[in-house]
**Student:** 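The structure under discussion is supplied below as C-alpha cells; questions concerning it will follow.
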Amino acid sequence: MTSLDITPRSTTVAPSPVGPGGVVPSDATTLDIAEQLARERTLELEQEIAAEPGRFRVLTGDRPTGRLHIGHLFGTVANRVRLQGLGVETFVVIADYQVIADRDNGGDLAQACVDLVIDHLAAGIDPARSTIFQHSAVPELHQLMLPFLSLVTVAELERNPTVKAELAATGGRAMSGLLLTYPVHQAADILACRGTVVPVGRDQLPHLETTRLVARRFNARYGAGTLAEPEALLSETPLVLGLDGTKMSKSAGNAIALTATPDEIARAVRGARTDAERTITYEPERRPYVANLLRLASFAGAGTPEQVAAQIGGQGAGALKALLTETLVESLAPVRERAALLRDDRAQVAAVLREGNERARTEATATLAQVRTAMRMVV
Ligand code: TRP
C-alpha cells in the first residue's frame, strides 16, 4: 500500500552575509539576495511555528484559472495542508478579481471558484480549521486598496519583477492598471485578513515585499503597529515538473489533474519523456526526465527517489512508468473520490464558501475600521 506523502521536502542553506532587507527586489541580483534572506528566516519561522502555531496566521491564495494538478498538490496545496496540520490558522484567498489582470475575460469564474474549493477540500483542507474565501465577496478588502495605493509609486510598481514576468507571459499585451497594481491588491488580501505568514515561492517574493512596504509606510504615516508586517515562508521551487520535463501546467498538456482517472493517469505517464539508458538511476543533473518521474513517484508515496531507482534498476523505464502509474492511481484515489462526492453536493461546497467569505469579511471589516481610524477619517 502506498499513501500520499504530501510533506514538502525541506530546504537547508547557509546563512547569508547580508543584513536585513527592506526594499522590493527590482532585478535578478536583488531578488537573489531577497531569496537568500527569506530562506534563512524561513528556517527560523518553521521552528517558531512548530513551537507556537497559535501565534501565527497563514494567508495564501490562488487565482481561479483552472483545476489543480498534481504539481499544485505536491507543492503549494500540500504545504497548506501541512501548516493546517501544525495548528496554524490558515486563510486561502481565491483571487477572482485578479484573473482579469492579464486577460480579457475570466470565463466562468463562479465555477472556477467552486472547483478550487472542491480541490482544496478533496486534498485535505478542513473548513472547520481553515478559511477559504473569494475575495470578490469581501468589499472591505478592496477598499483598503485606496489608501494602500497612495503608499507606493508607479515607478516602484513598474520595477516589480513579478509584475514584469506576468506581463511578459501575456505575450505582448499592454500593461493593465490592474496588473500594475497587483502587488498592492495582494497586500490588501494579506493585510485585510491580518496574515502574518505567507507561503510563497521565489517568484512571489517581490509581491510580498510590496506588502511589507505598504504595512511599514502605513504605520510610519498613520500610527505604529496598525498593520503587522507579514513574513515569507519560502518554499523551494517546485521539484515536480510536467511529464515532458518542463514546468507542469494545464495549458502545456503535461499535467495530471488532481482528479484524473486511472486511465488518464496511465495514458499521461505512458507518454512521459525518459532517456535512452536502460538502468534507472537518480541523477537529477544528468538525467532530468528520469529524475522527475522518480520524484513524482516519491511524492506519491513510493519512497525516496533513490529507493525507487534502486527498486527498478535494470528493469528500465517501462517498469518505472508502471510503478509510477500504480502509485499515482492509488494515492490519488481518495482525493478523486472526495472530489466526486463534493461535486454532487453543491450545497455543501456553497456553504463552505459562504462561511469562509463571512469569516474573511469579519476580519477585513475590522482591519478597514482600524485603518480608517488611524487615518482620522471616522467622524
Ligand atoms: N499572486 C498569487 C499567484 O499568482 C495569488 C495570490 C493572490 C496570492 N492573492 C494572494 C498569494 C495573497 C498569496 C497571498 O500565485
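Side chains included, hydrogens not; waters and symmetry mates left out as well; all remaining heavy atoms used.
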**Student:** Does D96 reach the main-chain N or O of P64 with its side chain, forming a donor-acceptor pair under 3.5 Å?
**Tutor:** no

**Student:** Salt bridge or not for R63 and E166, using N-O below 4.0 Å?
**Tutor:** no

**Student:** Closer than 3.5 angstrom, by distance alone: can the side chain of R273 be matched with the main-chain N or O of G245 as a donor-acceptor pair?
**Tutor:**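 No, because the side chain of R273 does not come within donor-acceptor range (under 3.5 Å) of the backbone of G245.
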
**Student:** T196 side chain to P230 main-chain N or O, any donor-acceptor pair under 3.5 Å?
**Tutor:**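 Side chain of T196 to backbone of P230: no pair is present.
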
**Student:** Does anything in residues 176-192 pair up under salt bridge (Lys or Arg N to Asp or Glu O under 4.0 Å), and if so which pairs, sequence neighbours excluded?
**Tutor:**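 Sorted result for residues 176-192: empty, none.
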
**Student:** Please check if the side chain of N254 supplies one atom and the backbone of K247 the other of a donor-acceptor pair under 3.5 Å.
**Tutor:** yes

**Student:** Tabulate below the donor-acceptor pairs under 3.5 Å that side-chain atoms of residues 117-128 make, not counting sequence neighbours, or state none.
**Tutor:**
{"from": "D119", "atom 1": "OD1", "to": "R67", "atom 2": "NH2", "distance (Å)": "2.7"}
{"from": "D119", "atom 1": "OD2", "to": "R67", "atom 2": "NE", "distance (Å)": "3.3"}
{"from": "D119", "atom 1": "OD2", "to": "L68", "atom 2": "N", "distance (Å)": "3.0"}
{"from": "H120", "atom 1": "ND1", "to": "L116", "atom 2": "O", "distance (Å)": "2.9"}
{"from": "H120", "atom 1": "NE2", "to": "R80", "atom 2": "NH1", "distance (Å)": "2.8"}
{"from": "D126", "atom 1": "OD1", "to": "A128", "atom 2": "N", "distance (Å)": "2.9"}
{"from": "D126", "atom 1": "OD2", "to": "R129", "atom 2": "NE", "distance (Å)": "3.0"}

**Student:** I'd like to know if I265 and L323 are part of one continuous hydrophobic network [Ile/Leu/Val/Met/Phe/Trp/Tyr, side-chain heavy atoms within less than 4.5 Å].
**Tutor:** yes

**Student:** Once ring pair (Phe, Tyr, Trp, His ring centres under 6.0 Å) is applied, do any residues pair with F56, and if so which ones, sequence neighbours excluded?
**Tutor:** none

**Student:** I'd like to check the side chain to side chain contact (heavy atoms under 4.5 Å, CB included) partners of E229; sequence neighbours left out, ordered by chain and number.
**Tutor:** R212, A215, R216

**Student:** Identify, with sequence neighbours excluded, every residue that meets ring pair (Phe, Tyr, Trp, His ring centres under 6.0 Å) alongside Y282.
**Tutor:**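 Checked Y282 against ring pair (Phe, Tyr, Trp, His ring centres under 6.0 Å); zero matches.
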
**Student:** Short question: side chain of R194, backbone of A366 - any donor-acceptor pair under 3.5 Å?
**Tutor:**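 Not at all, since once roles are kept as given, no pair shorter than 3.5 Å links the two residues.
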
**Student:** After noting the C-alpha distance and the side-chain angles of L243 and L296, does the key distance pass the side chain to side chain contact (heavy atoms under 4.5 Å, CB included) rule?
**Tutor:** CA-CA 10 Å; L243 297 165; L296 274 171; 3.9 Å; yes

**Student:** Quick check: does any side chain N or O of S298 sit under 3.5 Å from a backbone N or O of L294, one acting as donor and the other as acceptor?
**Tutor:**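 Pair absent, no side-chain N/O of S298 close to backbone of L294.
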
**Student:** With salt bridge (Lys or Arg N to Asp or Glu O under 4.0 Å) as the rule and sequence neighbours excluded, what pairs involving residues 299-310 come up?
**Tutor:**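 Passing the test, one end in residues 299-310: no pairs.
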
**Student:** Please determine whether residues L180 and L167 belong to a single hydrophobic cluster, defined as Ile, Leu, Val, Met, Phe, Trp and Tyr linked transitively by side-chain heavy-atom distances below 4.5 Å.
**Tutor:**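 Same hydrophobic cluster.
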
**Student:** Under the rule for ring pair (Phe, Tyr, Trp, His ring centres under 6.0 Å), what residues qualify as partners of Y182, not counting sequence neighbours?
**Tutor:** H207

**Student:** Are the side chain of S26 and the backbone N or O of R159 linked by a donor-acceptor pair below 3.5 Å?
**Tutor:** no

**Student:** Is there a donor-acceptor pair closer than 3.5 Å between any side-chain N or O of N105 and the backbone N or O of G107?
**Tutor:**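 Side chain of N105 to backbone of G107, a donor-acceptor pair under 3.5 Å: yes, one is there.
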
**Student:** Which pairs would a plain distance check flag for residues 139-146, meaning a side-chain donor or acceptor within less than 3.5 Å of a matching protein atom at least two apart in sequence or in another chain?
**Tutor:**
{"from": "E140", "atom 1": "OE1", "to": "R361", "atom 2": "NE", "distance (Å)": "3.0"}
{"from": "E140", "atom 1": "OE2", "to": "R361", "atom 2": "NE", "distance (Å)": "3.2"}
{"from": "E140", "atom 1": "OE2", "to": "R361", "atom 2": "NH2", "distance (Å)": "2.9"}
{"from": "H142", "atom 1": "ND1", "to": "H185", "atom 2": "NE2", "distance (Å)": "3.0"}
{"from": "H142", "atom 1": "NE2", "to": "H135", "atom 2": "O", "distance (Å)": "2.7"}

**Student:** Given side chains that start at C-beta, do those of Q204 and V198 come closer than 4.5 Å, heavy atoms only?
**Tutor:**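 A side-chain contact is absent here, since even the closest heavy-atom pair is not under 4.5 Å.
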
**Student:** Does R57 pair with E363 as a salt bridge, N-O distance under 4.0 Å?
**Tutor:** yes

**Student:** Any pair with a residue in residues 170-179 that passes side-chain hydrogen bond (donor to acceptor under 3.5 Å, both in side chains), sequence neighbours left out, goes on the list, sorted by first then second residue, please.
**Tutor:**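 As it turns out, the side-chain hydrogen bond (donor to acceptor under 3.5 Å, both in side chains) pairs with a partner in residues 170-179, which skip direct neighbours, are D104-R173.
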
**Student:** Is the count of non-hydrogen atoms from other residues, nucleotides or ligands lying under 6.0 Å from Q111 atom CD greater than 12?
**Tutor:** yes

**Student:** Please enumerate all residues that pass side chain to side chain contact (heavy atoms under 4.5 Å, CB included) together with Q348, with sequence neighbours excluded.
**Tutor:**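 For Q348 the side chain to side chain contact (heavy atoms under 4.5 Å, CB included) partners, ignoring immediate neighbours, are L342, D345.
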
**Student:** According to the interplanar angle, ranging from 0 to 90°, do the rings of H72 and H69 count as parallel (below 30°), tilted (30 to 60°) or perpendicular (above 60°)?
**Tutor:** parallel

**Student:** Which of these passes salt bridge (charged side-chain N to carboxylate O under 4.0 Å, His left out) with R55: E89, E48, E231?
**Tutor:** E48

**Student:** Do the side chains of L208 and I190 get nearer than 4.5 Å, heavy atoms only?
**Tutor:**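 Counting from C-beta outward, I190 and L208 do come under 4.5 Å.
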
**Student:** Say whether, by atom type as modelled, one donor and one acceptor occur between the side chain of T153 and the main chain of E156 under 3.5 angstrom.
**Tutor:**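 Looks like yes, one N/O pair under 3.5 Å.
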
**Student:** I'd like to check the side chain to side chain contact (heavy atoms under 4.5 Å, CB included) partners of P147; sequence neighbours left out, ordered by chain and number.
**Tutor:**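 Partners of P147 under the side chain to side chain contact (heavy atoms under 4.5 Å, CB included) test: V371, M375.
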
**Student:** Do the side chains of R41 and E44 get close enough for a salt bridge, i.e. N-O under 4.0 angstrom?
**Tutor:** yes

**Student:** For the hydrophobic clusters of this structure (ILVMFWY residues joined by side-chain heavy atoms under 4.5 Å, transitively), does one cluster hold both V92 and L258?
**Tutor:** yes

**Student:** If two hydrophobic side chains count as joined below 4.5 Å and joins carry through other members, does F133 share a cluster with V88?
**Tutor:**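 Not linked; separate clusters.
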
**Student:** Would you check, one step at a time, whether the test salt bridge (Lys or Arg N to Asp or Glu O under 4.0 Å) holds for E358 with R354?
**Tutor:** CA-CA 6 Å; E358 268 167 35; R354 198 163 50 241; 5.3 Å; no

**Student:** Shared ILVMFWY cluster between L293 and L73, side chains joined below 4.5 angstrom?
**Tutor:**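 L293 clusters together with L73.
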
**Student:** Donor-acceptor pair, N357 side chain versus A137 backbone, under 3.5 Å?
**Tutor:** no

**Student:** For A340, give me all partners under side chain to side chain contact (heavy atoms under 4.5 Å, CB included), at least two apart in sequence or on another chain.
**Tutor:** none

**Student:** Using 4.0 Å as the upper bound for N to carboxylate O, is an ion pair formed by R82 and E46?
**Tutor:** yes

